[in-house]
S.K.: 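Provided herewith is a single structure, encoded as structure tokens, for subsequent inquiry.
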Amino acid sequence: MSYLGRRLIRAAFLLVGVSILCFLFTEMAPGSFFDEMRLNPQISPETISSLRSRYGLDQSLVVRYGRWLRSALHADFGYSIAYNAPVAPLLWSRAKNTLLLATTGMLLTWLVSIPLGVWAAARSGRMLDKSVRVASSLLVSIPEVVIAVALLAIVVRWRVLPVGGMTSMDDEGLSQWARLQEIASRMLLPTIILTLGESAIIVRHLRASVLEVLDTPFVQAARGLGIGRMRLLFRHVLPVAASPAISLLGFSLAGLLSGSLLVEVICGWPGLGPLILDATLSRDFYLVIGGIMLSALFMVGGNLVADIMLLACDPRIRTGALDAR
Amino acid sequence: MRAKTASLIVALVGLHLTLLLAGFVAPCDPGAQDRDLPYAPPTRLHFVDASSWHLRPFVYRWSAGPDGYFENKRQSFPVHFLTGGPAYKLLGIFEAKWHLFGVDEPARIALLGTDGFGRDEFSRVLSGGQISVAAGIAATLLALLAGSIFGIVAGYYGRLTDESLMGATELFLSLPWLYFLLGVRAFLPLHLSPARTFLLLTCVIGLIGWARPARLVRGIVLSARSRNYVLAARSFGGSDVYLMWRHILPEVLGLLLTQAALLVPRYIAAEVTLSFFGLGVNEPVASWGNMLSTLQQYSVLVSYAWLLAPAAAMVVTSVIYSILADTLHSRLEFRST
Amino acid sequence: MASNFPGSERQGHPLLHVQKLSKHYVRGREWGKSVAVTAVCDVDFEIHAGQTLALVGASGAGKSTVARCVARLERPDSGEIWLDGTDIARLNSRDLLPIRSNIQMIFQDAETSMNPRFSAAEVIEEPLQIQGASRSERRDIATAVMREVGLPAEWLKRPVLEFSGGQQQRLAIARALSTRPKMLVLDEALSSLDLSTQAQIANLLLDLQSAHSMAYLLISHDLTLVARMADVLSVMSDGRIVEMGATQQVIADPKHAQTQRLLASARAAESKFDLASGASA
């Protein structure tokens, strides 16, 4: 229990640290949202300076941070200048879609990676293993932008799947079921792009750790006892080999979130990605900070889940045997 | 093994030399527009005409017709090698006019077709590659420099220094890199001269990337610090700087080399992603990212497959670098055992 | 077996005079409070030029901590360490640097005490380089000390990994000699060697001692070796010196229980060795 407690405290510190970091970055920003406005001759300098003071941009860093913290405690997370609304609801309406994409991507990633990784390791050196290795190292090395653009080109060219947005324009008349189908079909391409990149990494790691476990004396002993191949692999080897892979969970979540930002923009999926990109382009600071905080929150949450899973499947952590400190 | 290493070195040198001498290899000025030839497909190289075979390849001009471009076969233009052409600056310094190949006016040779402004895609891939790869390498150097300084300091001094620095790395690692990149980019001016944008991008990408190398370096330093020979050198009165420079840095170098090979393609991708989003190097200067960003229009993406050339160039670069990283990794591992 | 000097009754100023030396270690923190462990407490001893003082004791008795404090790898918490007329206990690293050439340490495991990437020359010249000697000076000294420790000077260019265990220990001694120290700290310097090599190196050390009239602080758990090399024997237990005297006298008539225990176990090991007759240690 104290293990989880410590993790929670750490996570809280981390989030505060990220927010401070964000505000430090705003300090080095020479431009602001209103600089673009200043170029517009129809807006007087007085209007701009009154707007600046209304949004508290003329205050010092500490005051701004204090205000932001207070608004964060009210679950507003600041005020978007471009949308003229609190940041949190704006983010949340989009974050749902990103979460949908990212969690589906993650599930699919693990569903693909676990059997593939174990299988490749079990048949190491054979054709399957070799092709898995080549494919995964290729996918790992090719940048996600390229994968995304290339797949999009294929899909758009041959009209395999509908692309862009979550639903088509005329979804009013559709039934609930049809709507769901529509969403699923539009989600397919972004999910596949995400899964391809991520599962390549996980398969590689899982394969390596399964190979390592296969070499250990206890597996040799189990093999000597004549335990069936499948049972050996999935019942004895995988749980041990999984724990390094689970600690990758947090890492892969980071990849998924970054990837989903990219994929959302490219595929026009209405998630956080396009919102943050627009906010970046229009210098809507608080919205950007909110987006970063939210991504940090997802990461911290994902890492906590990974910790709990590790706790559940690695008895050494429960007994504190691995607690070096 | 040796042949493999040799071909890897040839590929690496070839790639970088081509990009370095982009002005010479490219037949056209990457910025030169041709409003009559937007989205022209790749120029075809011919060896056979109506009368006979030719050893020297020749090309025809593209002419716009009612259903797209067609080859104007009235006049053929032989391809010249090592020929004069538009002026450029070799390595950014020397004025030069020589090109690896070219054709006589008014014909144009566009091996990878042209973009919406009629600019030669091949020349742009090369000059864009200069920007993107240079940004990747510079950002890598920056990240590794910062990472190894902080990593060595943290690992060497331990205790409070270590804890605070590692806390900072955790902060940087707890953010998905793309969100982080966009966030930092959001706080910097949008419209800048290309040179300043390039510097800024490099700094931002390097700044974000220092954390992971710092952690790895710290780990090595931590184990190196307790080595007896470091202790011995300390007993001779070796200063901290001396110990780090003479005993610890050489241990770290191998790791840094492998990390560099891993990070360069990743940072190229980072630059490309930012430019793709319109947050990086802006037109008219070419970069693989802003070249790909025209593909955000689905109509362009569907119709002009040759505009995917920068993506192909990125694949080639990334694969070469990842093979390099694998080779370095296995080499160093082999040596340490 | 005994060396030429009569022992602790020598007159004149000692080369090294340690007074009330104490050192604590922090063993982890709990809720911000540090838990201190006393490693060495109120240790006094002195060594004259040309003399060897041995520190023996069970592992964890604090011998190595004394050695590391004397060589100033650690900063003692309290006490004085007078080396040749200077108290080095509180000096900072800059003021310590010129004094370092007077005192050198030889470590237990020669192999790990030398950077495996270095050549023999680089290893030997390192202390000189830190002291700021010129390149030609370093080369001359390296050649000279190689000869002194019985290694051919042509081997200077070889990487240290190509030297055998005994040769590496000679290299370590050569490195220590390079600054012409007045005092050597031998921290279990011979214990990782096989018996015949150990005897050779011990002879070498004794020859060098009489040639340069160096003082040795010998840290060891091997009483046979100590009996052969040391003039003065002091026994440590739980961070304190519990018994000190001329080596032969202490061995012949141990007063403290800890000394008796050490001697008994040494004799037991010896007789076992006799039984095994010829089995390598």
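First the proteins, then the strands, lettered A, B, ... as listed; each starts at 1. Values below: all heavy atoms of this structure, side chains included; hydrogens, waters and symmetry mates excluded.
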S.K.: Which atom pair, heavy atoms only, marks the closest approach of B:Ser235 to C:Arg100?
M.R.: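 It is O-CD, 3.1 Å.
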S.K.: Check B:Ala232 against C:Ser113 and note the closest heavy-atom contact, atom names and distance.
M.R.: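 Looks like CB-O, 3.8 Å.
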S.K.: What part of C:Gln131 is in contact with chain B, defined as an atom under 4.5 angstrom from a non-hydrogen atom: side chain, backbone, both or neither?
M.R.: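 The answer is the side chain of C:Gln131.
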S.K.: Roughly how far apart are B:Tyr229 OH and C:Phe107 CZ, rounded to 0.5 Å?
M.R.: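 One gets 13.0 Å once the value is rounded to the nearest 0.5 Å.
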S.K.: Mind listing the closest non-hydrogen atom pair of C:Gln129 and B:Arg246 along with its distance?
M.R.: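 Minimum heavy-atom contact is OE1-NH1, 3.0 Å.
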S.K.: Under the rule for side chain to side chain donor-acceptor pair (under 3.5 Å), what residues qualify as partners of C:Glu162, not counting sequence neighbours?
M.R.: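 Per chain and number, C:Glu162 pairs via side chain to side chain donor-acceptor pair (under 3.5 Å) with no residue.
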S.K.: Tell me whether C:Arg90 at atom CZ has more than 12 heavy atoms from other residues, nucleotides or ligands lying less than 6.0 Å away.
M.R.: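 Check passes, neighbour count above 12.
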S.K.: Under 3.5 Å, is there a donor-acceptor pair between the C:Thr112 and B:Asn228 side chains?
M.R.: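 Their side chains do contain a donor-acceptor pair, which is all the 3.5 Å distance test asks for.
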S.K.: What is the distance from atom CZ of B:Arg234 to atom CZ of C:Arg72, rounded to the nearest 0.5 Å?
M.R.: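 B:Arg234 atom CZ to C:Arg72 atom CZ measures 11.0 Å (nearest 0.5 Å).
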S.K.: May I ask you to test the B:His247-C:Arg117 pair for a side-chain heavy-atom distance under 4.5 Å?
M.R.: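 B:His247 vs C:Arg117: side chains apart.
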S.K.: With only heavy atoms counted, which part of C:Arg175 is less than 4.5 Å from chain B, the side chain, the backbone, both or neither?
M.R.: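 Interface part for C:Arg175: side chain.
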S.K.: Of C:Ser101, C:Ser178, C:Pro127, which is the lone residue that meets side chain to side chain contact (heavy atoms under 4.5 Å, CB included) with B:Phe236?
M.R.: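 Looking at C:Ser101, C:Ser178, C:Pro127, the match for B:Phe236 under the side chain to side chain contact (heavy atoms under 4.5 Å, CB included) is C:Pro127.
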S.K.: Pick one of side chain, backbone, both or neither for C:Glu122, based on which atoms fall under 4.5 Å of a heavy atom in chain B.
M.R.: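 Contact with chain B involves the side chain of C:Glu122 alone.
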S.K.: Would you say CZ of B:Arg227 has more than 12 non-hydrogen atoms from neighbouring residues, nucleotides or ligands within 6.0 angstrom?
M.R.: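 Count over threshold, so yes.
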S.K.: Heavy-atom distance under 4.5 Å to chain B: side chain of C:Leu97, backbone, both or neither?
M.R.: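 For C:Leu97, the side chain is the part near chain B, not the backbone.
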